[in-house]
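Would you mind keeping the following structure in view while I ask a few things?
All values derive from a computational prediction rather than experimental measurement. Throughout, a chain's letter reflects where its sequence line sits, starting with A, and its residues are numbered from 1.
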2 protein chains.
Amino acid sequence: MSSDVEHMRSGRAIATGGGRRGTGVDSGTVATLPVVARNPVPAPRLTKQAVLVEAIALLDEEGDEALTMRRLADRLGVVPMALYRHVANKDELIDGVLDLAVSEVQLPSSRLGWRSGLRELGHSVRRTMLAHPGLVAPLVTRPSLGSSGLAIGEYGLAVMLDAGFSVEHADRGPKAVLTYTIGFVALEVPRRRQGFSADGADAPGLDFPVEQLDPERFPHTIAVRPRAAEFVSDAQFDYGLERVLDGLAAVQPTGKPTQRTTTGVRGGGARRR
Amino acid sequence: MSSDVEHMRSGRAIATGGGRRGTGVDSGTVATLPVVARNPVPAPRLTKQAVLVEAIALLDEEGDEALTMRRLADRLGVVPMALYRHVANKDELIDGVLDLAVSEVQLPSSRLGWRSGLRELGHSVRRTMLAHPGLVAPLVTRPSLGSSGLAIGEYGLAVMLDAGFSVEHADRGPKAVLTYTIGFVALEVPRRRQGFSADGADAPGLDFPVEQLDPERFPHTIAVRPRAAEFVSDAQFDYGLERVLDGLAAVQPTGKPTQRTTTGVRGGGARRR
DNA sequence: TTGACATGTGTACAGCGTACACAGTTTGAT
DNA sequence: ATCAAACTGTGTACGCTGTACACATGTCAA
């Protein structure tokens, strides 16, 4: 879950826990006010959590360009500089938001077997990223890998080692799956953003209609044209994912045969179980 | 050829700010010379090409954050707004630069066979993008796909159809390869940017040392730790790429067996044993 | 000569991230 | 009970960004 956003600071210090503020024992200068007027509630101060949560909401609602310190501060009813008491700068804000989103990724059951496990992992990652399209750019752009990312890695590792893969394969296999998955979503998101017709009437991401392609240069592209629009489809995602999984099956240690539906026979189908 | 910097028309005294435009080049003398010194040469005007070429140079030399209209204009010895005669806005500039870079991708020989062809294509794309790290973010971020991108698609399609793959596989297979490749490079570039030691002493992209991971939560990750740094290695790239290719081999039509080459292929070792 | 057209200049503006000095409240030590 | 230190939010200000707009200049066709 989200919770562990901050703790990774080496020193404790940060803490920011929820409840620590004590009862106001003093009275002091406040005397000018009636005693009763003191608000017993410690006042809901801004916290890093609150900032990150609001940031992700802003991102989801208004897109990545809308995420500015000023707008975020506005939504929190606060002046822009107030945010800097809780995040060092905008980069740290984005890292925090990213980790928050990554923490939403649902890890598949660990009883699943390597193939189903990795497949579900890929789907889960894609689902989460599509829910926060504004975070895809930061995801591929930033080097940081929060603890939530580590948990994903741990899952992949575990499921592969359990299946009898060597350490090398267990390490690299899930990385390949995630690389493919993240790459797909990264390419997919901007193409979804600009509308495209699923029937392939016009290929998304092309600056010009297929009609005016030079038949000399692009004979096959023209012939296959109706498929161009498929770059962002579920089916295309599944297809590539299954190919990676097939590739892993091909190097699986022979000791434990998996239910790969045998038959190198075409099968062609994207999904196999 | 980036040096087509300006030309400073002699006649013009108007000034335009004093000192800048230092980009040097010609004719220090001048000034206060006979008024008649009209320049008969039509003057090498700024062109869109020149702007794009200079932009890519700026990007490569100083990183993506350095690519601003003002800095680019400076390098061209011109006022910022002058650029807008050649590109509609910064987005179009970036699209142009991106397409220019993509056009540098060397397509492998078409006699190569699907497996080697796609492998070389992946390597070629990666090589090109690593040569222009500042362009990776735009590559995954923008929906546009210039004609150079189409040529890459055409190549993949051709090599697959030649090998006897069905239209569906010929369409989707190369897309899977490219998705993986682009995803890998996208993840790789920011991790390369922040230094990391290849020996895995500290894993890149981690905000904290492996030592302080909770052994309960991350047992396998800790055990495998030396491999963490490998996220950005050539070997990891090759590994995943070979898995995708294996996956395609698994759905290859049986009619034409391919030489599942175990040979050669650049040092990139991820081979099975 | 004229005048349309293309190209580069200069100024200006809104918006961005954030440095810095300050004010209010809360807390801990005395 | 007092006082100093510490947080946390405020206000102002700076440098940088992309780019709208009006204008100066150079070229070429009529």
For B:M81 and C:dT9, what is the distance between atoms CE and C1' respectively, to the nearest whole Å? 10 Å
Between C:dA19 atom C1' and A:R85 atom CZ, what is the distance in whole Å? 11 Å
Do B:R70 and D:dG18 share a donor-acceptor pair, side chain to base, under 3.5 Å? yes
Is there a side-chain contact (heavy atoms from CB on, under 4.5 Å) between A:R85 and A:R45 once you walk through the steps? CA-CA 11 Å; A:R85 297 291 175 195; A:R45 305 259 230 31; over 6 Å; no
Under 3.5 Å donor-acceptor, A:S124 side chain and A:Q106 backbone: yes
B:E188 and B:M129: side-chain contact (heavy atoms from CB on, under 4.5 Å), yes or no, with the steps? CA-CA 10 Å; B:E188 174 179 26; B:M129 293 319 296; over 6 Å; no
Integer-rounded Å distance: D:dG11 P and A:L83 CG: 14 Å
Between C1' on C:dT7 and NZ on B:K48, what's the gap in Å once rounded to a whole number? 16 Å
Report the distance from atom OH of B:Y84 to atom C1' of D:dA22, rounded to the nearest whole Å. 17 Å
Let me know, please, whether A:V78 or B:A66 comes out on the 5' side of the other along DNA chain D by nearest nucleotide. A:V78
Can you tell me if B:K175 uses its side chain to pair, donor with acceptor, with the backbone of A:G240 under 3.5 Å? no
Within residues 87-94 of chain B, which residues have any heavy atom lying less than 4.0 Å from an atom of DNA chain D? B:N89, B:K90
Rounded distance in Å - NE2 (A:H86) to C1' (D:dT8): 7 Å
Give the nucleotide from the list D:dT8, D:dT19, D:dT10 with an atom nearest to the side chain of A:V79. D:dT10
When rounded to whole Å, the CZ to C1' distance for the pair B:R45 and D:dT25 reads 11 Å
Would you please test A:R217 and B:E154 for side-chain contact (heavy atoms from CB on, under 4.5 Å) and show each step? CA-CA 8 Å; A:R217 277 185 75 195; B:E154 174 72 17; over 6 Å; no
Atom pair distance, as rounded to whole Å: CG in A:L46 and P in D:dG9: 5 Å
For the atom pair CG (B:L52) and NE2 (B:H86), what is the distance rounded to the nearest 0.5 Å? 10.5 Å
Can you tell me how far the OH atom of A:Y180 sits from the CZ atom of A:R126, to the nearest 0.5 Å? 8.5 Å
